[in-house]
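One is the number of the first residue; the rest follow in order along the sequence. Whatever order the structure lists them in is the order used to number ligands and atoms, beginning at 1.
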Amino acid sequence: MSIALIILAAGKGTRMESDRPKVLHRIAHAPMLWHAMRAGQTLEPARTIVVAGHEAEQVAKAAHDYDPEARVVIQEEQLGTAHAVAQAAPELDGFEGDAIVLYGDTPFISQDTLEAIARARAAHDVVVLGFEAADPGRYGRLVTEGDTLTRIVEFKDATDEERAITICNSGVVSADAQTLMGLVSAVTNDNAAGEYYLPDIVTIARARGLSAGVVHCAEAETLGVNSRAELAGAETAFQQGLRARLMADGVALQAPDTVFFAWDTAIGRDAEIEPNVIFGPGVTVESGARIRGFSHLEGAHVSRGAVVGPFARLRPGAELAEDSHVGNFVEVKNAYLGEGVKANHLTYLGDADIGDGSNIGAGTITCNYDGVFKHRTTIGKGAFIGSDTMLVAPVTVGDGAMTGSGSVITEDVAPGALALGRAKQVTKPGFATRLFDMLRAKKAKQTKG
Ligand code: UD1
Ligand code: CA
């Protein structure tokens, strides 16, 4: 069965108090819209249609960044959820299969729930996702008779008796795509809010002799975001969920609550993550690697057996091969560290390639930027870079070469060579003693006077 996703993302999100459209606010470094699109991906949809409206250009760009094939339709005026769904009609022309309506601001619907909805379609023409609300508040209520859904009533239009119902409408619905388009086009705005309500399709479907049913999910899955506080709550929920999932997959987290992941963080079994580690987007950590405390990683790949931190920073393009070590106060950006490379202390490695087994001394800096252009540093295998070496790129240090501590290396170093780029030492016997005596005498005279 082919499935089309319709993701509603036209709303402004007034309560966010923001210039940014609501669905572009981020959870774990990804716009909420991406979370909703990713949730829908588990159904392997044949089409994804995003309904944009408020700041439609930005929303369309974000949708295409996630899925270049996504079809974006514009709802010029936000006249209600049924009106929003109806905008998808041109993109469903000739489509055979089911449609499911998801929401850009409801990012956490699970795969199990989506699959249950797809299965329930065998029994009902229209399937609505409902949940038992701890506080039903202003949610729409599901009016049921046995396992049949008879109608959905919006809070504003509900009687006291209907308001007492605790099974609420999540807003997620599924039906045959053409049936759904027929139903939404029949919805009117004759209600308390003067809006075209998507939930009204249940009544219309039943009048047409179609059946409607409910699938239930946990309230946490239907968590919607309307304010900054709810966004922070969604972030917490996401982090807790991902921590639990990673641990279930065999990742060691010593203090899970202190580790923050990005939406796409991937970590292998038996990797160890110490407390207070922060992951930005685009990080993969292979099995058995160890990320020590207070490290910050973003756009980086850490191979098996590598050790990072404590207090390390891996920036985009950091590629650490097996058994490499990046220690405290080391920053790596757009650089490849070969197998067993060690850069253990106080170092900046940017735009560099470092061959297997090389040792990078404390305080080494790749001077990669001339104020206008970036340049690369290449270090061969088994090289030894002395402490406090400045590698002025572009520059190459050959296999098995050495640089003396404190060197400023501006010219290529041949394989096996030792390069010294520092002033020759001058030693003056007894000079320090005489200097001290003179200075102390001067101070004594000043204190007396
Ligand atoms: C809706 C449901 C309600 C349900 C609740 C669950 C309707 C009429 N009511 O109410 O039964 O309990 O969700 O959260 O559907 N949107 C558009 N275009 C529009 C209108 C809305 O894209 O013209 C989008 C909004 O951006 C939002 C979503 O649809 O993401 C829901 O709309 P909203 O107005 O928030 O509906 P609720 O009042 O929450
Ligand atoms: Ca809402």
Within residues 266-292 or reaching into it, pairs that qualify as side-chain hydrogen bond (donor to acceptor under 3.5 Å, both in side chains) - sequence neighbours excluded: E274-R290, E274-R292, T284-H301, E286-H301

Within-cut-off N or O pair, T81 and ligand 1, under 3.5 Å: yes

Residue portion contacting ligand 1 (non-hydrogen atoms closer than 4.0 Å) for H83: neither

Short side-chain to backbone donor-acceptor contact, R315 and L297, under 3.5 Å: no

A82 and ligand 1 - part of the residue with a heavy-atom distance under 4.0 Å: neither

Proximal candidate to atom 5 (C) of ligand 1 [heavy atom criterion; set N169, L198, L129]: N169

N/O donor-acceptor pair under 3.5 Å between E339 side chain and G357 backbone: no

Part of E154 within contact of ligand 1 (heavy atoms, under 4.0 Å): side chain

Heteroatom distance test (Y103, ligand 1): nitrogen or oxygen, under 3.5 angstrom: no

Ligand 1-proximal atoms of V23, by part, heavy-atom distance under 4.0 Å: neither

Flag, side chain of E219 to backbone of A134, donor-acceptor distance under 3.5 Å: yes

Which pairs would a plain distance check flag for residues 205-214, meaning a side-chain donor or acceptor within less than 3.5 Å of a matching protein atom at least two apart in sequence or in another chain?
unit_1: R206; atom_1: NE; unit_2: T150; atom_2: O; d: 3.4
unit_1: S211; atom_1: OG; unit_2: H124; atom_2: ND1; d: 3.4
unit_1: S211; atom_1: OG; unit_2: D125; atom_2: N; d: 3.3

